[in-house]
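To keep things clear, I will list the structure first and then write my remarks on it.
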Amino acid sequence: MVSLTRRIRTTLYELDPLLWVFIVFGSSFLIVFLVSPILFVLVNAFRAPSGGAWYSNFQRIFSAREYVRLETLPGEQFAFAVQLGNETLYVIKGLNYGALVNSLILSLFVTSAATAIGIIMAFILARYSFPGKDFLRILSLVPLFVTPFVNSYVVKILFSEYGPISLVTQSLFGWKLRLDGLVGVALAQIISFYPIVYLNAYSAFLNVDPSTEEQAENLGARGFTLFRSVTFPLALPGIVAGAIIVYIFSLEDVGAPLIFQEWNLMSAQIFRGFMTQTGIVSPESAALGIVMLFIAVMGFLAIRNYVGMRSYAMISRGGRLVSRARPLGPLGKLVVYLIVFPLVLLTAFPQIGVFLLAFNVMPSRGFEINLGSFTLDYFERLFTDPGVFTYIRNTLIYAALSVILAVVVAVMVGYGVSRIRVSWLSNLLDTLATVPIAIPGLVIALGYYYFFTTIFSGTPLDPASIGAFQAWVVLVVSYSVRKLPYVVRSVYAGFQQVHVGLEEAALNLGATRAKVVFGVVLPFILSYIFSGAVLGFIYMATEVSTSITIGNFNPSQAPMTYYMMNVYKGGSPIGVQIAAAMGVLLIFIQLVAMLIVVGVLKQRYAFIGV
């Protein structure tokens, strides 16, 4: 066993002054702006109300009926019928078991449904060939283009009594349908998140060693037996990676609950805690944030440990040499064209609906396609109306500043992780840089509120300083921390491409570490840095949780997503098309980023979690 003294000596020997700077600055930044805010949330969660015990806030969350109740109220129904004149409307809302239980049920259901759909889609596209396959693959990626609030609003229209689904049910069965409440939230989340599982599963299926499947076939395994016993277990780590992210995203999502006016969820309750007239966030909200963090992290660790305890060894790794995709038979084509294609088209329609709203082809209320009302007026107002353009300008400036900060930290952390041969130190840096992806954004928003109100009390960085609060500083820092994993991933991949022997040769010839890093290594990985910066920029520009919470303390410095939230939360048709035009602008930014990464930099475009 290596002694502690020897470990310290080894660590000191490995580090030169520049590496010390990289490690100290990178780790300090993450400890101050990631670890410390969460600790502030934890401390405030135990601030008991007057006369209460130190655990009072948690006791209330686990005992109050608004958070936990295992029975339904008298007359409460999962679905019910409403008579509208001569027509019958069936409303499906779900049952309310309290914000805590609802959140657990919702996130588990969304994760299960999204995973099932994602696996089916991935397996069909990875294992079968048929006319229209490329179009189906492209169509399945459309929901990944992030349009906060607008896509959920379109889902609500689609499944309202005025939507196309009701038109079909009315013509066939004589009744209309509305999906609302928890059911509506679940549907919107499944549509938005299933491609995350699909992309991870698709990549995993392609990387399954063909020889393992061929050996199983030689032993008599066919069809579902082959899939269940060989293909699925080998692809499970990739599938689980997508499922973990869907689980966390569903738990923290605040967009769909606001659109469907469903407040009986933890995310909606935490958001409500920020929307107070006094600008003070209660300790109960902090306790709820800690509970959400615990659920997210426990789910994250449980699924990872489940995967880690199983063996997934294959004879070879990497892409297959010979494609195992085979032509679909008549029955398979029937399933693909009559079930899969309509389903994927339905999941893509929310993004299509964003365009229809933005161009006024679809009205803000009801469902009607009217090409004669086409107009570009709402796009013009984005740049001519000062009250609207302010939010666009803020978003672009904040995202650009956050990217610069994130790139600096990513270079330091990425270089340290890839070059330091002290395992515990590199593992610590790697964990700090990647853990934000497992932390709900609302918890980070809570942490920033408590951190800045405590450390910077009475200054322009204090959110409680109404009118003087400089929200842009906090937003820039929060964006850089929340989306750091996407930038670090790309930068770290670049460092892995540069062999350490190249650096050692330069050092042996008398070059300093600084000259080696900035003169030898960085020029080799500029494309990776730029790729990470582009990806980070689009995720920062579409960030929701901290934007709508911290932005609430100074709306004049809030980004686009705050404006979009205000429009759709109020339920007013005024501004709906303008917010949809903002959504189109965000889609355009994401599309340009994808073209730059794939077409110019010749790298694989990394969607969330992939």
Side-chain angles (χ1 to χ4, degrees), residues 30-69 98-104 251-252 254 257 263-298 435-436 438-471 473-475 477-478 481-482 545-554:
L30 291 168
I31 290 171
V32 171
F33 294 113
L34 177 63
V35 179
S36 297
I38 293 175
L39 292 177
F40 271 90
V41 178
L42 183 63
V43 170
N44 279 275
F46 288 102
R47 282 178 49 205
S50 179
W54 58 272
Y55 53 82
S56 296
N57 295 319
F58 291 97
Q59 183 182 39
R60 172 169 162 73
I61 289 172
F62 288 104
S63 61
R65 289 174 61 84
E66 66 186 271
Y67 292 111
V68 178
R69 60 180 173 88
L100 177 58
V101 179
N102 288 345
S103 295
L104 288 172
L251 191 67
E252 72 159 355
V254 73
W263 297 102
N264 295 305
L265 290 167
M266 286 195 295
S267 58
Q269 289 294 321
I270 293 174
F271 172 75
R272 259 188 172 174
F274 280 94
M275 308 297 286
T276 60
Q277 303 245 336
T278 59
I280 298 174
V281 180
S282 68
E284 187 174 313
S285 294
L288 195 59
I290 291 298
V291 172
M292 176 184 281
L293 176 64
F294 178 81
I295 294 172
V297 172
M298 287 299 101
V435 77
I439 300 176
L442 286 170
V443 176
I444 293 181
L446 279 169
Y448 275 56
Y449 170 83
Y450 288 117
F451 178 80
F452 282 95
T453 53
T454 303
I455 302 298
F456 298 94
S457 177
T459 71
L461 293 181
D462 181 3
S465 301
I466 299 174
F469 174 52
Q470 297 300 303
V473 177
V474 181
L475 288 171
V477 175
S478 67
V481 171
R482 279 217 69 201
S545 300
T546 52
S547 297
I548 64 176
T549 49
I550 301 300
N552 178 61
F553 294 104
N554 189 347

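Start at 1 with the first residue, then count along the sequence.
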### Query
For M266 and L251, what are the C-alpha separation, side-chain angles and deciding distance, and is it a side-chain contact (heavy atoms from CB on, under 4.5 Å)?
CA-CA 8 Å; M266 286 195 295; L251 191 67; 3.9 Å; yes
### Message
Is there a side-chain contact (heavy atoms from CB on, under 4.5 Å) between R482 and S545? Walk through the geometry before answering.
### Response
CA-CA 10 Å; R482 279 217 69 201; S545 300; 4.0 Å; yes
Just list the side-chain donor-acceptor pairs under 3.5 Å for residues 457-465, sequence neighbours left out, or say none.
{"residue": "T459", "atom": "OG1", "partner": "F456", "partner atom": "O", "Å": "2.6"}
{"residue": "T459", "atom": "OG1", "partner": "L461", "partner atom": "N", "Å": "3.2"}
{"residue": "D462", "atom": "OD1", "partner": "A464", "partner atom": "N", "Å": "3.0"}
{"residue": "D462", "atom": "OD2", "partner": "G458", "partner atom": "N", "Å": "3.1"}
{"residue": "S465", "atom": "OG", "partner": "T459", "partner atom": "O", "Å": "3.2"}
{"residue": "S465", "atom": "OG", "partner": "D462", "partner atom": "O", "Å": "3.4"}

### Task
Would you please name every residue forming a side-chain hydrogen bond (donor to acceptor under 3.5 Å, both in side chains) with T546, sequence neighbours left out?
E543
### Message
How close do T549 and F274 get, counting heavy atoms only, and between which atoms?
### Response
CG2-CD1, 3.6 Å
### Query
Rounded to the nearest 0.5 Å, how far apart are CD1 of I270 and OG of S103?
8.5 Å
### Query
Rounded to the nearest 0.5 Å, what separation is found between the CZ atom of R60 and the CG atom of L288?
10.5 Å
### Task
Hey, could you give me the CG/CD distance between L100 and Q269, rounded to the nearest 0.5 Å?
11.0 Å
### Query
Should the ring pair F553 and Y449 be called parallel, tilted or perpendicular, given that the plane angle runs from 0 to 90° and is split at 30 and 60?
parallel
### Query
If every non-hydrogen atom of S267 is compared with every non-hydrogen atom of V254, which pair is closest and at what distance?
O-CG2, 4.1 Å
#### Entry: Nearest atoms (heavy-atom pairs only) where E284 meets Y67
OE2-OH, 2.5 Å
### Task
Could you point out which residue of I439, L442, I444 forms a side chain to side chain contact (heavy atoms under 4.5 Å, CB included) with L293?
I439
Can you give each donor-acceptor pair under 3.5 Å made by side-chain atoms of residues 38-48, sequence neighbours left out, with the distance rounded to 0.1 Å?
{"residue": "N44", "atom": "OD1", "partner": "R47", "partner atom": "NH1", "Å": "2.7"}
{"residue": "N44", "atom": "ND2", "partner": "F40", "partner atom": "O", "Å": "2.8"}

### Summary
For A438 and P440, the nearest pair of non-hydrogen atoms, with its separation, is O-CD, 3.7 Å
### Query
Atom OG of S63 and atom CZ of F58: how far apart are they, to the nearest 0.5 Å?
12.5 Å
### Message
Between T453 (side chain only) and Y450 (backbone N and O only), is there a donor and an acceptor less than 3.5 Å apart?
### Response
yes
### Query
How long is the span from the CG atom in L265 to the CZ atom in R272, to the nearest 0.5 Å?
11.0 Å
